[in-house]
Amino acid sequence: MRLYLDTADQAAWGELMSLGIFHGITTNPLLAARVGMTYREIDWRAMAGRARELGAKELHAQVFGPVEAFADWAGRLYEAGAVEGIETVVKVPLVEPAIRMVPEIKALRGKVLMTACYDAKQMLVAQGLGADYIAPYYGRMVEAGIDATAHLVRMQAMSQLAEVPCRVMVASLRSSQQIVDLALAGLDTFTIAPPIARDLLDDPLTREAYAAFETAAK
């Protein structure tokens, strides 16, 4: 099982990465905007350094702007990770203009994640490109009326059959119960928002039991 924290909020990083349950951190322009950050102005070396200090083994960040500049931006992100001692992963949306830039990005020899996936067929694209990860948007798929679980199970099977697996990183999750259900269906990699991370830590009956232990100890 591998969990990632899905946010650009460094306060949440400080609060939750110390738990020791997260392999890394993922972010994108929407997440940055939600915490008042201007994505094009982010100092990725500083972000990478902070993520490493907090125990992250990977920092995933998404390309943006003119596709012709994707490889240059990816190179800077990879360099930031190399300098700060953390593996940086470039996220690329599964749209044709962006897909066409992936071979150039892969030539830089860093890891790539194909993002904004809504259909199992997109796994074929990710595998053909030699991508390391693919991120299906589970919650949004469900809300669009798609049989999201069926698509994810197919993707996981496709990954396991491949000579070089492309890891399915489930994104856009709405509850901790969805993680449990998908784990039972064979998925093992999830990126989750801080509220879901906090929910994983809490159960009222566990709190009640803990309180009883402490009362007895006194």
Would you say the side chain of Leu59 lies within less than 4.5 Å of the side chain of Val89, judging by non-hydrogen atoms? no
Is any side-chain heavy atom of Gln156 closer than 4.5 Å to one of Val153? no
Just to verify, what does [X] make a side-chain contact (heavy atoms from CB on, under 4.5 Å) with, not counting sequence neighbours?
X	value
Gln10	Trp13, Met47, Arg50
Leu161	none
Ala150	Asp147, Arg154
Arg52	Glu84, Ile86

Please answer whether the main-chain N or O of Val112 pairs with a side-chain N or O of Asp132 as donor and acceptor at a distance below 3.5 Å. yes
Measure from the side-chain N and O atoms of Thr215 to the backbone N and O of Ala211, and report whether any donor-acceptor pair falls under 3.5 Å. yes
Atom pairs and distances, donor-acceptor, side-chain atoms in residues 98-106, under 3.5 Å, two or more places apart:
residue, atom, partner, partner atom, Å
Arg100, NE, Glu96, OE2, 3.0
Arg100, NH2, Glu96, OE2, 2.7
Lys106, NZ, Gly130, O, 2.8

Roughly how far, to the nearest 0.5 Å, is CG of Asp9 from CG of Leu31? 10.0 Å
Starting at SG of Cys117, measure out to CE of Met123 and round the result to the nearest 0.5 Å. 7.5 Å
Picking from Met141, Met114, Met169, what satisfies side chain to side chain contact (heavy atoms under 4.5 Å, CB included) with Pro136? Met141
Residues forming a salt bridge (Lys or Arg N to Asp or Glu O under 4.0 Å) with Glu208, sequence neighbours excluded: none
Sort and list the pairs that fulfil side chain to side chain donor-acceptor pair (under 3.5 Å) and have at least one residue in [range], not counting sequence neighbours.
range	value
residues 66-80	none
residues 56-67	Tyr4-Glu58, Glu58-His60, Glu58-Tyr133
residues 109-120	Glu87-Lys111, Thr115-Tyr137

When clusters are formed from ILVMFWY side-chain contacts under 4.5 Å, directly or step by step, what else is grouped with Leu184? Val180
Just list the side-chain donor-acceptor pairs under 3.5 Å for residues 188-198, sequence neighbours left out, or say none.
residue, atom, partner, partner atom, Å
Thr189, OG1, Arg167, NE, 2.6
Thr189, OG1, Arg167, NH2, 3.4
Thr191, OG1, Thr26, OG1, 2.7
Arg198, NE, Glu15, OE2, 3.0
Arg198, NH2, Glu15, OE1, 2.9

Sequence neighbours left out, what pairs pass salt bridge (Lys or Arg N to Asp or Glu O under 4.0 Å) with at least one residue falling in residues 168-187? Glu143-Arg174
